[in-house]
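No experiment lies behind these values; they were computed from the predicted model shown. The first residue in the sequence is number 1, and the count goes up from there. Indexing begins at 1, ligand by ligand and atom by atom, following the structure's order.
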Amino acid sequence: MRTSTVDLVLKNSKIFTYQGIISGGLAVKEGKIHKFLKEPELLRSDKTIDAKGHLLLPGIIDPHVHLRDLQLSYKEDFYTGTCAAATGGITTVLDMPNTIPRTSSLKALREKKREAEKKIVVNVAFYAGFPKDINEVKQIAEQGIAGFKIYPHDPMEEINFQDEKQICAYFRAAAENNLPVLVHPDNLETIKTLQSELEKQKRPDIEVFLGSHPATSEAKAITRYSDLGVKTGCRLHICHVSSSESVVAIKGALEKGARLTCEVTPHHLLLTSEEIRRQGALAKVLPPLRSRDDNVALWAAVLDGVINVIASDHAPHSLSEKEKPFPEAPSGFPGLETLLPLMLTKVARGDLRLEKLVDLTSRSPAKIFKLENKGMLLEGYDADMVLVDLKEKWRISPEKFHSKSKFSPFKNWNVVGKVRMTFIKGVCVMSDEEILVPRGFGKVINVNQ
Ligand code: DOR
Ligand code: ZN
């Protein structure tokens with residue numbers, strides 16, 4: 001009888017490492033990468049998978065995802081959202097707190113975790129919103145969250161964003177617990193003022209939307225919150241940077257010594273506001289899509305290292321909500337199943353180096369959010385991996401998404417690069433768009449700060 005020494009041998013692969021691509025295979029033992037192997041046949045294992053010469057990358061870590069569930073499960077639930085992640089090659093998802101109920105109390109966080117444990121198929125960590133009672137910050141932090149998120153444009157927030165003393169108190173509390181604050185850079189008062197001015201001028205609905213969320217307010221908010229970050233010693237992560245003015249604001253903040261990281265989404269890199277004018281509410285998103293010049297500035301910031309992460313901002317809604325008249329339709333669309341193929345297409349065209357992409361989508365988010373033993377293919381690291389066919393050409397068909405949101409502004413885009421298999425701790429959770437593990441296979445990650 002053969003005795004098994006490792007749990008999985010993956011053979012005939014090209015393995016991405018920062019020292020270069022290794023042709024061969026690897027062995028997984030107890031969920032970890034055990035060894036890279038030139039001749040994998042020599043190791044005994046119960047299970048062998050032939051990678052058919054495809055490229056093995058570290059699993060994607062997406063730090064900006066709205067999995068919804070609970071009272072918003074009609075938009076997405078923990079199962080469908082994490083199936084979408086697995087299909088997109090995403091092995092770890094960081095979930096946002098703007099749900100119903102909001103994840104801004106110990107009770108709400110516990111409820112979310114309990115529900116997630118029953119349904120998820122990939123790794124999930126949670127963000128929280130700041131609680132009404134500031135004394136609860138510590139208790140929430142101790143639950144292993146990845147950070148606190150603020151939405152200064154959202155009237156439902158527990159914080160008064162006009163009150164800098166209050167903001168500073170919360171920032172200090174986050175800093176004391178070694179947690180970053182994630183910022184949606186906007187400002188409710190500015191939105192309201194601009195909106196009513198544009199409505200008075202009888203501007204079309206789409207122009208009112210675009211005009212009330214200008215790049216200047218985003219950049220101002222970045223400067224305002226990063227100044228408060230410097231004052232309080234709080235680390236910030238700026239979400240979905242969308243404009244050239246914001247890139248300038250970020251550079252300025254870094255020069256002033258802010259402890260600041262930031263992310264960009266594929267849609268802000270690739271689309272312009274014309275897409276909203278063409279597709280209407282289906283392409284409505286916050287921050288809005290902007291201009292070609294903004295796309296160019298964002299790519300430059302990605303390439304020169306000012307932007308640290310590419311995140312999806314997967315924001316599912318029901319089709320009937322998106323079909324409402326433009327002003328009432330919610331912002332956002334799904335992104336988990338399009339992020340990697342869209343970016344691999346940039347690699348195929350020679351616009352982005354593979355090494356840079358892998359850094360932006362795996363190593364860098366793991367480092368920023370302190371996800372231990374993740375984000376790289378290294379011996380001893382978690383065997384969270386994605387196998388991609390770099391050559392396959394296909395067309396984005398949102399009707400095939402695992403997400404409940406079966407629409408996308410990227411519908412019918414031709415892309416190059418297909419996710420073949422996704423592995424979590426050495427178990428193949430998805431192969432050729434099929435989910436192979438039961439609900440609850442994934443684990444909630446508690447982050448050690
Ligand atoms: O378009 C967006 N949708 N932007 C956000 O910041 C929130 C998100 C959502 O939750 O739907
Ligand atoms: Zn978001």
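Ion pairing between E117 and K443 fails under the 4.0 Å rule for side-chain N and carboxylate O. Taking the charged nitrogens against the carboxylate oxygens, D95 and K112 do have a contact shorter than 4.0 Å, which makes a salt bridge. Of the charged side-chain nitrogens involved, none lies within less than 4.0 Å of a carboxylate oxygen, so that E115 and R110 do not count as a salt-bridged pair. Between K138 and E142 there is a salt bridge, since a side-chain N of the basic residue sits under 4.0 Å from a carboxylate O of the acidic one. Using a 4.0 Å cut-off between charged nitrogen and carboxylate oxygen, K119 and D77 do not count as a salt-bridge pair. Between E337 and K400, none of the side-chain N atoms (NZ, or NE/NH1/NH2) sits under 4.0 Å from a carboxylate O, so this pair counts as no salt bridge. Using a 4.0 Å cut-off between charged side-chain N and carboxylate O, D389 and K418 make no salt bridge.
Looking at K284 next to ligand 1, no N or O pair under 3.5 Å apart turns up. In terms of N/O distances under 3.5 Å, ligand 1 is not approached by A315. Between H153 and ligand 1, no pair of N/O atoms sits closer than 3.5 Å. Residue-to-ligand polar distances keep Y151 apart from ligand 1: every N/O pair is separated by 3.5 Å or more.
Residues H317 and K75 bring a donor and an acceptor atom of their side chains to less than 3.5 Å of each other. For the 3.5 Å distance criterion, the side chains of H213 and D186 qualify, holding a donor opposite an acceptor.
Taking every heavy atom of G332 and a limit of under 4.0 angstrom, the matching atoms of ligand 1 come to 1 (O), 3 (N). Listed by atom number, the atoms of ligand 1 under 4.0 Å from H317 heavy atoms are 11 (O). Listed by number with element, the atoms of ligand 1 under 4.0 Å from a non-hydrogen atom of H66 are 8 (C), 10 (O). For ligand 1, the atoms closer than 4.0 angstrom to any heavy atom of V285 are 1 (O). Within ligand 1, the atoms closer than 4.0 Å to a non-hydrogen atom of R68 are 9 (C), 10 (O), 11 (O), numbered from 1 in the order shown.
Under the side-chain contact (heavy atoms from CB on, under 4.5 Å) rule, E199 has a single partner from K202, R203, Q195, which is Q195.
Classification of the H66-H64 ring pair by plane angle, with boundaries at 30° and 60°, yields tilted.
Nearest protein neighbour of atom 3 (N) of ligand 1, counting heavy atoms only, is S331 O, 3.0 Å. What sits closest to atom 4 (N) of ligand 1 on the protein, heavy atoms only, is L286 O, 2.9 Å.
Taking every heavy atom of both residues into account, I33 and M376 meet most closely at CD1-O, 4.5 Å.
The tally of protein N/O/S atoms under 2.8 Å from the Zn ion (ligand 2) stands at 3.
Distances from ligand 1 to the non-hydrogen atoms of M96 include no value under 4.0 Å. Not a single heavy atom of K149 lies less than 4.0 angstrom from ligand 1.
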